[in-house]
J.: 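There's a structure below that I have some questions on.
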Amino acid sequence: MEEHLTVGRVAELAGVSVRTLHHYDEIGLVHPSARTASGYRAYSPDDVERLREVLAYRRLGFGLREVADLVDDPNTDAVAHLHRLRGLLVEQRDRAAATVTAIDRELEARAMGIRTTPEEQLKVFGAQLYESIGSAYPATRRTEPRIAARIWEALGDARTVLNVGAGTGSYEPQDREVTAVEPSAVMRAQRPAGAAPCVAASAERLPFSDQSFDAAMAVSTVHHWPDPIAGLRELKRVARRVVVFTYDASTTGWLQRFWLTRDYLPEFADLLVGWPSLADMAHAIGGRAEPVLIPWDCADGFFEAHWRRPEAYLDDHVRRAVSVWTRVGPQAEQRAVNMLRDGLSSGRWAECNRDLVALDAAELGLRLLVA
């Protein structure tokens, strides 16, 4: 890149008007702080970096005042901004994918002569669309007692526990004082009567003072956070102990661990591009990582849970409670399901995975981070 870029050149590269850049200058959002050899104002590399962040937030729909607050945050450096922007863009992509899925289902219904209701038609573009997988959770997403025992043991003697990304309340210990945090209204509405009080907030901005809790926990939720590292640091800030149940995608050959991603759904790898390494996540909380084996009869229907029960992945109800299937899109999902169905009927799946039958538990990359 040239050391300094003129206003016209920046406008050309960024795809905005010179007038827009002048406006940003006038309101103090982005000042071209350098000078060309001829004395004209120009953008330094730092100016360009700031402008890149401003334009990215603007294209995500943030207002100018919100953008100013974001780019002026003294606790967020360029790398943190990139992580945040990536998370926001992934969320935007996932919402678009969910919209496409909903439209595809309506097209299928119309092809069969079924007319969707006005309420269903409006939900295609409603704010609750991406949260729609939450309605499937009660049927297949339950507390797996053997995994719960590991999590609760890691909490140690903590009496006050913050459960971040709490969902419907699975894995919340009943013998401790729990406060839940959950951004999804759909999930909050499904929390059972008598469940811990739940606050509507995000992991990256927890509304609690430093060291408010004995422990903070996060179970199968970090992959939904726009900025995982920022969220993990927040857990560390508000609690003296941190326990996180997550996934390791940094080990060489990780995609080959699970037959479903290896043989039927390679698109899973695309979902974890840019995902923080296990070492980075452990470093964010100052902790260690421990492997968690998945029992063959796991009660919690997360993505890897049915590793010895492949027929379960043919069940639409099972898939709808796992965000992976929405995120890869309907074409990849249908192709994987069709291939698996063929593999099961032909015996190819059994031949390729005959060693699994003798296993009571499998190591598929799930990890417990403890600090």
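Side chains are part of it too, since the values below use all heavy atoms of this structure and drop only hydrogens, waters and symmetry mates.
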J.: Are the aromatic rings of H306 and Y313 close, with centres under 6.0 Å apart?
T.: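 Yes: the rings meet the under 6.0 Å criterion.
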
J.: For W349 together with Y264, are the ring centres under 6.0 Å from each other?
T.: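 So the answer is no for these two rings.
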
J.: Please list, chain by chain and in numerical order, all residues satisfying side chain to side chain contact (heavy atoms under 4.5 Å, CB included) with S209, sequence neighbours excluded.
T.: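 S209: side chain to side chain contact (heavy atoms under 4.5 Å, CB included) contacts with S212.
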
J.: Return the set of residues passing side chain to side chain contact (heavy atoms under 4.5 Å, CB included) with E290 (not counting sequence neighbours), or none when no residue passes.
T.: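 Listed in chain order: R150, R288, L368, V370.
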
J.: For a side chain to side chain donor-acceptor pair (under 3.5 Å) check, start with the C-alpha distance between W225 and T221, then their side-chain angles and the critical distance, and finish with the verdict.
T.: CA-CA 7 Å; W225 298 354; T221 179; 3.0 Å; yes

J.: Are L13 and Y43 side-chain neighbours, meaning at least one heavy-atom pair lies under 4.5 Å?
T.: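 Contact flag for L13/Y43 side chains = no.
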
J.: Check whether any side-chain heavy atom of V164 lies under 4.5 Å from a side-chain heavy atom of M217, and answer yes or no.
T.: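 No; the side chains remain at least 4.5 Å from each other.
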
J.: Would you check if D46 and R50 make a side-chain contact, meaning some heavy-atom pair closer than 4.5 Å?
T.: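 They are not in side-chain contact.
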
J.: So that I know where these two stand, are F268 and F303 an aromatic pair - ring centroids less than 6.0 Å apart?
T.: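 Yes, ring centres under 6.0 Å apart.
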
J.: Sequence neighbours excluded, which residues qualify as side chain to side chain contact (heavy atoms under 4.5 Å, CB included) partners of A289?
T.: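 A289 satisfies side chain to side chain contact (heavy atoms under 4.5 Å, CB included) with L278, L369 once adjacent residues are dropped.
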
J.: Side chains of N338 and R341: any donor to acceptor distance under 3.5 Å?
T.: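 The answer is yes; a qualifying pair exists.
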
J.: Among side-chain atoms of T326 and S323, is any donor-acceptor pair under 3.5 angstrom?
T.: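 The answer is no; no qualifying pair exists.
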
